4 protein chains.
Amino acid sequence: MDKRKDILQAALRLFVEQGFHGTATSKIAQEAGVANGTLFHHFKTKDELIIRLYLDIKKQLLNFTEEQAQKQKNTKEKVKAHYIYTLYWALDHPLEFHFMQQISLSPFVNQIPLEEIQEQKKAAIELIQEAMEGGYIQKLPTDFIHNLIGIHIFGVYQYILKKELEETPKKELIEQSFELLWKMLT
Amino acid sequence: MDKRKDILQAALRLFVEQGFHGTATSKIAQEAGVANGTLFHHFKTKDELIIRLYLDIKKQLLNFTEEQAQKQKNTKEKVKAHYIYTLYWALDHPLEFHFMQQISLSPFVNQIPLEEIQEQKKAAIELIQEAMEGGYIQKLPTDFIHNLIGIHIFGVYQYILKKELEETPKKELIEQSFELLWKMLT
Amino acid sequence: MDKRKDILQAALRLFVEQGFHGTATSKIAQEAGVANGTLFHHFKTKDELIIRLYLDIKKQLLNFTEEQAQKQKNTKEKVKAHYIYTLYWALDHPLEFHFMQQISLSPFVNQIPLEEIQEQKKAAIELIQEAMEGGYIQKLPTDFIHNLIGIHIFGVYQYILKKELEETPKKELIEQSFELLWKMLT
Amino acid sequence: MDKRKDILQAALRLFVEQGFHGTATSKIAQEAGVANGTLFHHFKTKDELIIRLYLDIKKQLLNFTEEQAQKQKNTKEKVKAHYIYTLYWALDHPLEFHFMQQISLSPFVNQIPLEEIQEQKKAAIELIQEAMEGGYIQKLPTDFIHNLIGIHIFGVYQYILKKELEETPKKELIEQSFELLWKMLT
DNA sequence: AATGAATGAGGCTTCATTCAT
DNA sequence: TATGAATGAAGCCTCATTCAT
């Protein structure tokens with residue numbers, strides 16, 4: 001199980017740095033300190049490796065944000081926790097976050113089972129519904145809201161990265177940007 | 001100049017459908033009804049073709065939105081025109097819009113001269129500044145605002161595409177989503 | 001000894017269906033319900049497995065035809081028994097017969113010790129000699145006769161298989177084809 | 001068209017010497033004095049190369065025997081010409097003949113269009129029919145006769161090769177073996 | 001004897017690019 | 001400009017075999 005992890009780790013870094021097609025499986029193996037064939041012992045194809053990596057990372061993120069959101073009591077705080085901790089996680093795991101972004105904008109998304117995607121969105125969608133029913137935010141299609149929030153996070157993340165903000169202004173910007181978002185939704 | 005256009009057109013479609021690395025230059029040539037080598041008479045390399053395509057498309061979009069924005073008199077209307085006509089153009093030119101998205105999330109962005117990028121953003125940034133100085137929107141880094149607007153457009157575009165909305169609800173959603181954005185920014 | 005048999009059985013089927021090079025040792029192991037490495041405990045190499053399989057099968061066929069031929073008293077009946085029971089065996093053991101054919105037309109034949117081959121042919125050659133000396137068949141090189149008989153059997157076998165004959169016409173054809181052969185040789 | 005021929009020629013030799021799976025496409029290219037990729041410029045896949053080679057060779061053989069058979073007037077002479085010149089051709093083109101044998105006993109046969117096979121047999125089948133209707137040979141399924149003749153040729157060919165016969169005894173054996181065959185069929 | 005993870009050489013094929021016509 | 005045959009590096013993957021458990 002050790003080598004498998006090494007492979008996933010190496011793959012993550014290389015995929016982000018050079019793209020899916022830009023990184024050869026042989027490079028991944030080499031970087032992981034593993035024989036060429038070992039990669040294919042653990043993952044039938046390069047595609048399978050990519051998908052597996054995506055699912056693993058997505059689950060990590062969801063576990064984290066879910067945990068944080070559940071600590072909150074009122075609805076706005078839950079939404080905020082969801083938003084903010086996603087950003088924190090993203091900034092703490094830039095490779096992982098970039099990779100997820102790469103996937104969702106590539107043809108690979110279509111290889112992820114639809115149920116998997118539904119399952120991933122489920123908690124967030126429920127939270128949005130709760131906020132809508134509680135009168136906290138406007139009545140709009142939940143999918144639409146979910147989309148706006150996700151994209152908003154992505155935009156802020158990108159901005160912070162590009163500007164290379166320090167810890168304090170970073171935290172401030174994140175707080176501020178959530179308030180912008182919340183203002184938009186209420 | 002005819003064949004050159006055929007090549008660009010074929011390339012656009014294939015790049016969007018199969019990605020940059022997924023489409024061979026030979027396929028592009030074939031699709032364009034052109035000999036294999038002809039492609040390389042017009043574009044020194046595959047990369048040059050990609051960049052050229054991007055710049056052409058970007059210019060088309062900017063010309064269009066600029067023209068629409070200039071028809072408006074007051075600031076909010078200008079911003080709105082910018083926002084809305086970008087979306088309309090995107091929905092009318094899905095291949096082109098997708099392609100631009102693909103580029104901006106790929107390593108190819110780094111091959112686009114920085115001045116080019118600055119030039120592209122210039123008009124939008126000036127408009128944002130104008131709106132900020134006129135007290136219409138909050139004082140925040142212009143880059144940040146620009147980022148938020150751009151990403152917002154992308155999010156709405158994606159949502160519309162996924163939901164396959166009809167003409168009327170589409171128009172309504174676009175209007176509505178601009179109001180959301182504006183609310184956020186003011 | 002159980003797993004060894006499973007391996008040989010699986011190998012036989014796969015070799016016939018997909019050829020020697022077309023079937024991976026791992027597939028054989030899998031099909032035999034055995035671990036990958038187990039195969040190499042029983043057979044040092046893939047080649048050894050192939051040769052072993054061939055020798056086993058050849059011995060089975062020879063034992064069977066020998067036994068049948070010995071039940072006969074006069075020479076023609078012996079030759080006939082040899083001919084007919086080879087065909088019956090072949091039709092009862094199509095995988096085994098195919099496999100033998102595959103081997104004899106592949107470079108693997110050269111890996112079978114010459115003495116082994118001599119030994120295998122011995123009984124048949126002696127029978128042919130007996131028939132020749134008894135004046136039943138023409139005086140021609142025994143090897144040549146042996147060759148003609150063998151190939152004749154193969155031809156009839158192939159024809160029966162291709163035409164998917166029923167039991168009765170099959171038996172008739174076999175009898176008839178022996179008479180043709182005999183007519184040729186006398 | 002030159003390189004294409006070189007490739008076919010090199011492929012023929014190597015396939016016969018080392019089998020289909022035993023010869024790498026890179027070896028073929030190298031042997032043909034051609035770049036690796038050139039092979040795939042002329043043949044989409046290794047399989048296509050194999051099939052193409054088979055069809056080319058088969059056509060050569062058929063052209064030759066057809067031509068010889070048509071020179072004969074009476075039926076037996078036609079059959080004999082067919083038989084004997086096939087053997088001569090085989091002995092003059094051992095690589096080609098071996099290759100054809102290899103194909104017909106491999107899974108590749110199934111990739112040859114059935115009509116193609118029918119077309120190839122057509123002339124021979126018609127000749128057999130003619131001989132049968134003329135009362136020269138026994139009334140048996142034409143396919144069966146065709147099969148027996150073919151296999152007979154193959155047996156004699158193999159025998160001659162193994163024994164490395166000189167020109168004169170070779171010719172004698174061929175004549176003699178035809179008489180054996182004819183005796184069987186009448 | 002049995003397992004199955006690990007190996008790495010080698011196979012087939014793709015593809016951007018060149019060049020003689 | 002246009003063509004398309006030719007190139008050869010590089011990619012993905014397979015597979016016989018080994019070895020620690």
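Numbered from 1 within each chain, the chains take letters A, B, ... in sequence-line order. Predicted, not measured: the structure shown is a model, and the values here were computed from it.
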Checklist outcome for this item: side-chain hydrogen bond (donor to acceptor under 3.5 Å, both in side chains) filter on D:Q120, not counting sequence neighbours, yields none

Next on the checklist: Can you list everything that forms a side-chain hydrogen bond (donor to acceptor under 3.5 Å, both in side chains) with A:E119? Sequence neighbours excluded, please.
Outcome noted: none

Next on the checklist: Output the rounded distance in Å from CG (C:D6) to C1' (E:dA2).
Outcome noted: 14 Å

Checklist entry - Along nucleotides 13-21 of chain E, 5' to 3', which nucleotides get a B, which get an S, and which get a -, given that the test is a protein heavy-atom distance under 4.0 Å? => result BBSBBB---

Checklist entry - By side chain to side chain contact (heavy atoms under 4.5 Å, CB included), which residues pair with B:Q158, not counting sequence neighbours? => result A:L105, A:N147, A:I151, B:F154

Checklist outcome for this item: Here the distance between atom P of F:dT7 and atom CG of D:D2, to the nearest Å, is 12 Å

Item to check | For the student: nearest non-hydrogen atoms of B:A29 and B:A35, plus distance | outcome: CB-O, 3.8 Å

Checklist entry - Does a sphere of radius 6.0 Å around NE2 in D:H93 hold more than 12 heavy atoms from other residues, nucleotides or ligands, not counting ones at 6.0 Å or beyond? => result yes

Next on the checklist: From CG of D:L49 over to P of E:dG11, roughly how many Å is that when rounded to an integer?
Outcome noted: 16 Å

Checklist entry - Excluding sequence neighbours, so at least two apart, what forms ring-ring contact (aromatic ring centres under 6.0 Å, His included) with A:Y54? => result none

Checklist entry - Considering residues at least two apart in sequence or located in another chain, which fulfil the side-chain hydrogen bond (donor to acceptor under 3.5 Å, both in side chains) criterion with A:D92? => result none

Next on the checklist: Run the side-chain hydrogen bond (donor to acceptor under 3.5 Å, both in side chains) test against B:E17 and tell me which residues pass, sequence neighbours left out.
Outcome noted: B:R13

Checklist outcome for this item: Here the distance between atom P of F:dC15 and atom CG of C:L39, to the nearest Å, is 14 Å

Item to check | Residues that A:F97 engages under ring-ring contact (aromatic ring centres under 6.0 Å, His included), provided they are two or more places apart | outcome: A:Y157

Item to check | D:H41: partners by ring-ring contact (aromatic ring centres under 6.0 Å, His included), with sequence neighbours left out | outcome: none

Item to check | Interatomic distance, C:I28 CD1 vs F:dC15 C1' [rounded to whole Å] | outcome: 11 Å

Checklist entry - Atom CD of C:Q30 and atom P of E:dG4: how far apart are they, to the nearest Å? => result 12 Å

Checklist entry - ring-ring contact (aromatic ring centres under 6.0 Å, His included) with B:F43: which residues, sequence neighbours excluded? => result none

Item to check | Nucleic acid contacts - residues 7-17 of chain B versus DNA chain F, non-hydrogen atoms under 4.0 Å | outcome: none

Checklist outcome for this item: Contacts of B:V34 and D:T38 projected onto DNA chain F by closest heavy atom; the upstream (5') one is B:V34

Checklist entry - What's the CZ-P distance between D:F43 and E:dG11, to the nearest Å? => result 20 Å

Checklist entry - Can you give the dot-bracket line for DNA chain E, where a pair is Watson-Crick or G-U wobble with both atom distances under 3.5 Å, crossing pairs use [ ], and | marks a partner on another strand? => result .||||||||||||||||||||

